[in-house]
Each structure stands twice: as C-alpha cells, then as structure tokens.
Amino acid sequence: MSERPTAAKTLDRDDLIVISGAGGFIAGALTRYFHDQGFARIRAIDKKPLPDWYQRVPGVESLCLDLSDWDNCQRACQGAAEVYNLAADMGGMGFIEKFRVECLRSILINTHMIEAAHQAGAERYFFSSSACAYNTELQKDPRARALKESDAYPAMAERGYGWEKLMSEMFCQEYWAERRLKTFIARFHNVYGPYGTWDGGREKAPAALCRKVIEARDTGNYEIVIWGDGTQTRSFMYIDDCAKGIDWIMHCDGLVATPINLGSSELVSINELVSLIEGIAGIQLERRYDLDAPQGVAGRNSDNTFIQQVLNWEPNTPLREGLARTYAWIAQQYYDRKAGKPTPAAERALPLR
Ligand code: NAD
C-alpha cells in the first residue's frame with residue numbers, strides 16, 4: 001500500500017492542481033479528495049454557474065469558465081503543476097444516444113486543455129476516458145467477457161461519445177510521444193455515488209433507479225419502469241474508489257500515455273441492480289420494461305488484470321454498500337427539493353432538435 005505512487009509523495013503541498021469539470025460528479029469528488037489530503041492550491045473549473053455545483057470545497061479557487069474556449073483554457077492552466085481534465089458534455093445512455101454532436105464537441109475541451117497544460121509547463125495531465133471507447137462488437141451478449149485494454153482496437157467505439165474519447169486518448173499519447181508531456185488515461189466504467197446527477201436527463205442507471213424507487217415510495221405508486229428488458233449487464237464503481245484510482249494512476253510513471261481500466265469487476269444485470277435498491281428501500285415494485293428506451297450495449301465488464309498488476313489493487317467497494325450511501329443522498333436531495341430548498345443540478349439535457 002505505502003509504495004503506491006500518490007500526489008502526496010509527488011507534489012509539494014503548494015503546487016497548483018487544476019481540475020476541470022469540478023462542478024460535476026467525479027471532478028467534484030476529486031477536488032474534495034485532494035483538499036482533504038492537505039493540498040493548499042487547487043483550482044476547480046466548470047462552465048456551470050457556481051450555485052449549481054454539486055460540491056463547493058472551501059479554500060478552493062472555483063471558477064466558472066467554458067473550457068471549449070482556448071483563452072479560458074490558458075487562464076485555467078496558468079501555473080499548474082498538474083491538470084486533471086474531467087470536463088465533458090455527457091450523461092447516461094439516454095443522453096449519449098440522443099446527443100452525439102454535443103458529445104463529439106467535447107473534443108474541443110481536451111484539445112485546448114492539453115495544449116494549454118503543455119504551454120503552462122504542467123508536469124502531468126490526466127484525461128478521463130471511458131469504457132465507451134471499447135469495440136461495441138465485443139459487447140453484444142450480457143455474458144460477454146470482461147474488456148481488457150487492448151480491446152479498443154480494432155476500433156468500433158460507441159458512436160459520438162466513445163469516438164471522442166478514443167480520439168482524445170490519441171491526443172494524450174501523441175503529446176507524450178512528440179512533446180514529452182506526461183499524460184495519463186483512465187477508462188472509467190460506470191461510476192456512481194453521492195453528489196452526482198440524479199435527474200434532468202443526464203443521470204446514469206444507478207442514480208435514475210434510486211430516484212425511481214424513492215419516487216415510488218413517496219407517491220405510493222409501487223411500480224417502476226426499467227429501460228430495456230433488464231438483462232443488460234454492467235459493473236459499477238463507487239466514487240471513492242474512482243478518486244483514489246485517479247490519484248494512483250496519475251502518479252505511476254509506468255502508465256505514461258497508457259490507457260488503463262478504472263472500474264469495478266462486480267458484474268450485475270440491471271434487474272439485479274433494481275433488486276439491490278429495492279432491498280435498501282425496503283419495498284418491492286412491479287416492474288414494467290420499456291423496450292424502446294435507450295439501453296446501450298448488452299453486456300460490459302472491466303477486466304482488471306492490468307490494474308492489479310500495476311497497482312496491486314482494483315476498485316473494491318461492494319455495490320450494496322455504495323448504493324446504500326447513494327440512495328440516502330438522493331433521497332435527501334429529493335425531499336429537499338420537494339420542500340422547496342435549493343439543490344444543485346446538472347445542466348438539463350437539451351430537448352431533441
Ligand atoms: P458530470 O456531467 O457530472 O461532470 C462533467 C462536468 O463538465 C459538468 O459539470 C459540466 O458542466 C462540465 N462541462 C461540460 N462542458 C464544459 C465546458 N465546455 N467547460 C467547462 N466545463 C464543462 O460527469 P462525470 O460523471 O463527473 O464525468 C466526468 C468525466 O468522466 C467525463 O469526462 C466523463 O466522460 C467521464 N466518465 C464518466 C463516467 C461515469 O460513469 N460518470 C464513465 C466514464 C467516463
């Protein structure tokens with residue numbers, strides 16, 4: 001454990017850490033993580049207005065900037081020792097299947113951020129890639145084998161969102177090859193936890209299902225609509241594992257410009273996920289299946305052989321434990337909003353044009 005590479009061992013306490021997308025879910029948690037480790041200079045950036053950020057961490061320089069704009073990226077990266085780029089126009093399957101143009105346009109963010117990080121003389125650059133970069137042909141069966149890093153090529157990524165990730169990964173690899181910027185690339189597999197999107201059209205399955213169960217409980221309408229037939233399989237990584245994994249990957253010199261899975265290998269079907277949440281809520285609902293709703297690939301899991309080899313670790317928070325914490329937070333948000341209290345929110349998914 002102690003020999004793992006970390007920010008705490010690599011950086012001075014007053015080196016500047018820049019985190020983009022920090023008004024959102026994962027970068028918000030990462031900001032809190034580094035703050036709690038005692039780093040004194042953190043710059044957090046998001047295009048969302050500050051009152052809509054899920055977490056505002058005291059003592060952190062928090063800026064509202066659109067990072068698809070070059071000048072803003074220069075401003076964001078000024079003086080940075082390390083840059084973590086987690087800003088992206090994204091959401092769950094309902095969003096990325098409908099808004100491919102928005103997803104593709106996130107390439108502007110990475111293109112400008114990596115150049116700005118390089119010009120600013122940053123020592124390390126992190127890019128949040130996704131399991132959606134993997135070849136979809138390998139994910140057509142709910143019992144499909146887990147995806148290992150080499151499965152991204154030959155490429156047939158998720159249209160829009162997945163191709164943007166793959167292309168941005170290539171930027172990271174070439175910035176290392178040609179310009180010697182140390183880049184690090186993690187392919188996240190479904191992340192969930194408190195302080196993330198739970199309604200509005202961008203939410204992902206665990207948060208959406210928690211919200212539906214909470215609503216059913218509250219309204220007494222003991223019914224739930226599930227997208228697809230519920231047999232699709234996925235793995236879900238708890239947010240604390242994600243923040244820790246980002247730190248360890250970013251400071252592991254053996255991983256420069258090398259994509260690595262960061263995900264849980266605890267595979268469940270969507271039906272099993274619903275049962276777990278029902279168990280937490282202490283209710284059972286009648287299930288209705290919407291076969292026309294977006295549902296993504298049939299099966300996807302993370303092969304963690306590589307991360308085990310390099311870091312002697314893999315994300316390991318048990319799903320039930322992480323879901324209980326997520327459910328409690330969403331229930332709190334739900335009832336706060338119902339009572340008219342202000343609650344942070346994601347930018348709403350655009351209506352279809
Ligand atoms: P999120 O939507 O909660 O956070 C992303 C943030 O980026 C949002 O707050 C958004 O306002 C901000 N943003 C978008 N465009 C911007 C711009 N032009 N300038 C500045 N900020 C901008 O999403 P998240 O779940 O926290 O995801 C973070 C990263 O991880 C993204 O790159 C995402 O693609 C990747 N990822 C997430 C998951 C997951 O399960 N959540 C899985 C795979 C990959």
Side-chain angles (χ1 to χ4, degrees), residues 7 10-12 14-31 33-35 39-50 53 57 60-90 102-130 133 161 163-188 243 246-247 249-251 253 255-259 347:
T10 313
L11 289 175
D12 289 331
D14 56 358
D15 280 339
L16 177 65
I17 296 176
V18 169
I19 303 176
S20 72
F25 171 43
I26 303 174
L30 191 66
T31 305
Y33 171 91
F34 284 130
H35 174 266
F39 288 99
R41 291 179 62 221
I42 302 174
R43 181 180 297 146
I45 306 139
D46 202 287
K47 74 170 177 189
K48 282 199 300 190
L50 297 176
W53 291 27
V57 183
V60 166
E61 180 188 1
S62 301
L63 305 176
C64 175
L65 294 174
D66 182 342
L67 296 173
S68 57
D69 181 278
W70 164 244
D71 292 341
N72 287 340
C73 290
Q74 275 186 306
R75 158 86 181 84
C77 293
Q78 215 167 37
E82 294 189 346
V83 175
Y84 296 79
N85 177 24
L86 289 100
D89 207 348
M90 67 89 68
E102 271 70 21
C103 292
L104 284 167
R105 285 179 59 81
S106 291
I107 201 150
L108 292 172
I109 305 173
N110 193 60
T111 308
H112 292 329
M113 282 296 280
I114 196 167
E115 176 62 22
H118 174 60
Q119 287 191 15
E123 282 146 35
R124 288 167 196 264
Y125 182 87
F126 178 88
F127 175 64
S128 49
S129 187
S130 163
Y161 181 73
W163 279 100
E164 188 278 319
K165 293 296 188 194
L166 213 49
M167 194 60 212
S168 290
E169 285 189 3
M170 196 174 287
F171 269 90
C172 292
Q173 292 173 319
E174 300 309 334
Y175 265 77
W176 165 243
E178 288 183 11
R179 303 189 184 185
R180 281 320 196 225
L181 172 61
K182 282 187 181 177
T183 57
F184 299 84
I185 306 156
R187 293 189 184 136
F188 299 163
I246 293 172
D247 178 7
I249 289 169
M250 177 74 146
H251 299 97
D253 282 336
L255 286 174
V256 172
T258 308
E347 191 185 348

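Note that this is a predicted model, so its numbers are computed, not measured.
With hydrogens and angles ignored, the 3.5 Å screen pairs no side-chain donor or acceptor of S168 with any backbone N or O of L166. Under the 3.5 Å distance criterion, the side-chain polar atoms of S106 are matched with a main-chain donor or acceptor of D89. Judged by distance alone, with hydrogens and angles left aside, the side-chain atoms of D14 form no donor-acceptor pair with the main-chain N or O of A40 at under 3.5 Å. Of the possible polar contacts, none joining the H118 side chain to the I114 backbone as a donor-acceptor pair under 3.5 Å is found.
Within the structure, salt bridge (Lys or Arg N to Asp or Glu O under 4.0 Å) contacts touching residues 39-49 (residues at least two apart or in different chains) are R43-E61, K47-E347. Applying the salt bridge (Lys or Arg N to Asp or Glu O under 4.0 Å) test to residues at least two apart or on different chains, the pairs with a partner in residues 105-123 are E115-R179.
In this structure S68 satisfies the side chain to side chain donor-acceptor pair (under 3.5 Å) test together with D66, sequence neighbours excluded. Remark: D15 engages no residue in a side chain to side chain donor-acceptor pair (under 3.5 Å) (not counting sequence neighbours). For S20, the side chain to side chain donor-acceptor pair (under 3.5 Å) partners two or more places apart in sequence, or in a different chain, are N85. Listed by chain and number, the residues in a ring-ring contact (aromatic ring centres under 6.0 Å, His included) with F39 are F34 (sequence neighbours excluded).
Contact check for I45 versus R75: no side-chain heavy atoms found under the 4.5 Å cut-off. Considering only heavy atoms from C-beta on, F184 comes within 4.5 Å of V256 through its side chain. E164 places none of its side-chain heavy atoms less than 4.5 Å from the side chain of C103.
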